[in-house]
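What you see is a predicted model; the values in this text were computed from it and never measured. First the proteins, then the strands, lettered A, B, ... as listed; each starts at 1.
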Amino acid sequence: MSTVRTRFAPSPTGYMHIGGMRTALFNWLWARHNGGQFILRIDDTDQERNLSEALGPILQAFKWLGLNWDEGPEVEGEYGPYFQSERNDLYRAAVDQLLAEGKAYRCYETPEEIQADREAAQNEKRNYLNLRRSLELTESEKEQYEAEGRPSVVRLLVPRDQKIQIDDAVRGHVEFDAGLMPDPVILRGNGTPLYNLATVIDDAQMKITHVIRAEEHLSNTPVQVLIFQALGYDLPVFAHIPFVAAPGGKEKLSKRKLDKYRKSPQFKKMFDKAEAVFPRIGLENAGGLDPVMVEYYEKIGYLPEAILNALARLGWSLDDKTEIMSLDKIVENFTLDRIVKSAAGLDPDKLLSFQSHWMNQLSLEEKVAHCSPYLQKAGLVKDAGDPATRQRISQVIVGMEDRLKVASDILDFDEFFVADDQLEYDEKNFKKRIQNSEEAVPLLEKIKNRLANADDFHAEALDKLLHDFVEAEGIGMGQIIHALRAAVSGKGTGIGMFDCLAILGKESCVKRIERAITLSQSE
RNA sequence: GGCCCCAUCGUCUAGUUAGGCCCAGGACAUCGGGUUUUCAUCCCGAAAACAGGGGUUCAAAUCCCCUUGGGGUCACCA
């Protein structure tokens with residue numbers, strides 16, 4: 001059997017779509033599973049954009065996730081060029097061949113004529129088919145048209161008596177009636193190729209064996225099959241995988257529907273997270289990032305392992321119970337026959353659960369490395385490499401335990417990084433736990449003194465100190481712990497109380513308690 | 001509207017190709033209980049689905065037909 005070659009062909013849009021990434025992943029997986037090659041080819045026939053700006057984020061997404069490509073931009077390869085804009089001669093040659101063999105024809109009909117034909121068909125409730133008027137033209141008429149400079153396109157001459165059979169690796173046998181298909185334009189008036197032509201020529205000449213793509217392409221597969229056949233190429237194996245749907249629905253995930261997603265309960269938390277995190281790390285307007293883009297996940301602190309695991313499980317499964325899989329394990333087990341047929345909604349909760357798992361697999365050092373940049377960008381630490389700072393970050397991360405899910409979660413624990421007189425108090429919690437509590441202030445005074453005189457400020461010693469305290473006072477732990485937490489951290493929840501005190505250190509704890517007492521009495 | 005695809009818990013899925021091992025298994029989310037004298041975690045438990053209707057068969061989530069529902073696509077976009 002020949003080497004498996006798969007490809008992903010993004011158009012440079014300036015961002016990498018998370019659904020597109022899933023398609024790319026399946027292609028990559030299939031190539032790697034078979035020891036074959038994965039090719040990246042750029043569909044840049046629409047040349048209006050600045051290519052490097054538009055392509056950069058896409059390549060970056062692949063690099064971030066660790067999905068390497070064997071041929072394509074930056075690495076090249078023997079079937080290049082890998083930019084469609086540089087392959088025009090190839091397309092023109094193929095069109096000339098089709099024209100010469102009578103498998104395609106020049107069409108001189110105007111857009112207005114075609115539009116009128118379409119409407120007529122619509123009115124009569126019949127399927128639209130080209131009238132093929134240009135086929136009736138005599139040679140001299142054609143010459144005259146060319147001499148006049150009349151615009152024309154090249155259309156594929158669809159053999160209307162055929163049934164087109166596709167044996168799809170995911171969908172099975174699918175049949176289309178060519179008698180229902182209008183002749184598709186394959187070359188524009190300006191001489192540039194259309195997608196269906198370019199993709200077929202590229203796939204054939206790059207020796208792609210498996211075309212794995214989203215199912216919205218299923219309906220233009222018959223056109224492509226016809227082009228493959230007209231050009232005398234062997235058909236690749238097609239595998240039309242379900243698209244990634246928006247959370248809580250079956251509609252294709254699309255950047256055009258962002259406003260709708262913002263209101264979706266399932267999606268809302270992802271937007272909320274962006275609003276909470278991005279402005280703090282210097283990205284105004286969330287940096288133009290949203291959860292449809294792969295970059296959103298990178299910037300908010302997801303791990304490649306989590307994204308890959310979640311994406312692989314969207315429309316594919318290993319068996320009846322395995323959820324957590326490393327990329328190696330997925331590569332080892334990935335087969336086309338285990339791809340699901342129906343569209344699957346991206347589930348933010350499940351993604352977060354994968355993320356939580358993979359974050360927990362990291363060593364403390366790795367966690368520190370992931371979290372530190374957030375603190376630094378938010379201006380909470382000056383130099384994360386400084387030993388004392390690094391020590392503080394490590395301690396907080398240890399204390400956070402499973403509360404650390406995405407790397408930017410560290411920002412929720414900013415109380416450990418702000419100056420004592422800059423600490424902000426959650427107003428509601430402060431009122432409840434300190435201001436409106438009769439016993440809070442006297443108890444805080446007492447515990448402050450005890451803490452100030454403590455010899456040992458480690459968590460275990462503080463644990464004992466607090467227990468001795470409540471016993472001496474004849475109160476319950478709950479009576480002091482909430483007020484104490486509010487005073488030193490400003491918040492109602494956080495890491496374990498004793499760890500919290502120990503990390504802050506004696507001096508900070510005392511100062512913060514004093515400040516809280518003063519604040520509670522000033523209003 | 002034409003053509004095409006799809007249909008199992010709220011969600012992602014196992015089971016459908018080779019009908020019986022499935023009064024349907026797992027995971028996420030949810031709810032309840034326990035641990036943590038705070039929060040999160042963790043542990044235990046609960047609730048939760050074969051879209052509907054006809055067949056075929058001793059036996060159907062699984063095969064056939066119809067209906068319904070959802071989605072994709074109908075460009076000189078990709």
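Ring geometry for A/Phe430 against A/Tyr425 counts as tilted: the plane angle lies between 30° and 60°, on a 0 to 90° scale.
A salt bridge is defined here as a Lys NZ or Arg NE, NH1 or NH2 lying under 4.0 Å from an Asp or Glu carboxylate O, and A/Lys142 with A/Glu146 fails to meet this definition. A salt bridge links A/Asp183 and A/Arg132; the closest N-O separation between the charged side-chain nitrogens and carboxylate oxygens is under 4.0 Å. Electrostatic pairing of A/Asp44 and A/Arg87 does not count as a salt bridge here, judged by no charged N lying under 4.0 Å from a carboxylate O. Residues A/Glu251 and A/Lys260 are paired through a salt bridge, judged by an N-O separation under 4.0 Å between the basic side chain and the carboxylate. For the pair A/Arg213 and A/Asp203, the salt-bridge criterion is not met [side-chain N within less than 4.0 Å of a carboxylate O].
Distances from the side chain of A/Phe176 to the nucleotides B/C5, B/C74, B/C3 place B/C3 closest. Of the listed nucleotides (B/U73, B/C6, B/A27), B/U73 has the atom at the smallest distance from the side chain of A/Glu216. Here B/A78 is the nucleotide among B/A78, B/G72, B/A27 with the atom lying nearest to any side-chain atom of A/Arg188. Across B/C28, B/C5, B/G25, the shortest atom-to-atom separation from the side chain of A/Leu218 is found for B/C5.
Remark: A/Arg338 is in phosphate contact with B/G15, judged by side-chain N or O atoms under 4.0 Å from OP1 or OP2. Under 4.0 angstrom from either OP1 or OP2 of B/U11 there lies no side-chain N or O belonging to A/Arg313. Regarding contacts with the backbone of B/C12, a side-chain N or O of A/Lys250 is found under 4.0 angstrom from either OP1 or OP2.
What separates CD of A/Glu112 from C1' of B/A75 is a distance of 14 Å, to the nearest Å.
Nucleotides B/G70 and B/C9 have their P atoms positioned 16 Å apart, rounded to a whole Å. Rounded to a whole angstrom, the distance from the P atom of B/A27 to that of B/U73 is 35 Å. The separation of B/U35 from B/G10, taken at their P atoms, amounts to 32 Å, rounded to a whole angstrom. Comparing the same atom, C1', in B/G45 and in B/A7 gives a spacing of 32 Å after rounding to whole Å.
For B/C39, there is no paired nucleotide, since no Watson-Crick or G-U wobble pair has both relevant distances below 3.5 Å. Under the Watson-Crick or G-U wobble criterion, with both distances below 3.5 Å, B/G2 is paired with B/U73. When both pairing distances are held under 3.5 Å, B/A7 makes a Watson-Crick or G-U pair with B/U68.
Across all strands, A/Glu175 comes closer than 4.0 Å only to sugar-phosphate atoms, never to a base (heavy-atom distances). Using a 4.0 Å heavy-atom cutoff across all strands shown, A/Val174 reaches sugar-phosphate atoms only and no base atom.
Partner of A/Val470 under the side chain to side chain contact (heavy atoms under 4.5 Å, CB included) criterion, chosen from A/Leu443, A/Ile480, A/Ile481, A/Ile447: A/Ile480.
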What string of B, S and - do you get for nucleotides 30-48 of chain B, 5' to 3', when a contact is any protein heavy atom under 4.0 Å?
-------BBBBS-------
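Residue side chain A/Lys350 reaches the base of B/A27 through a donor-acceptor N/O pair under 3.5 Å, judged by distance alone.
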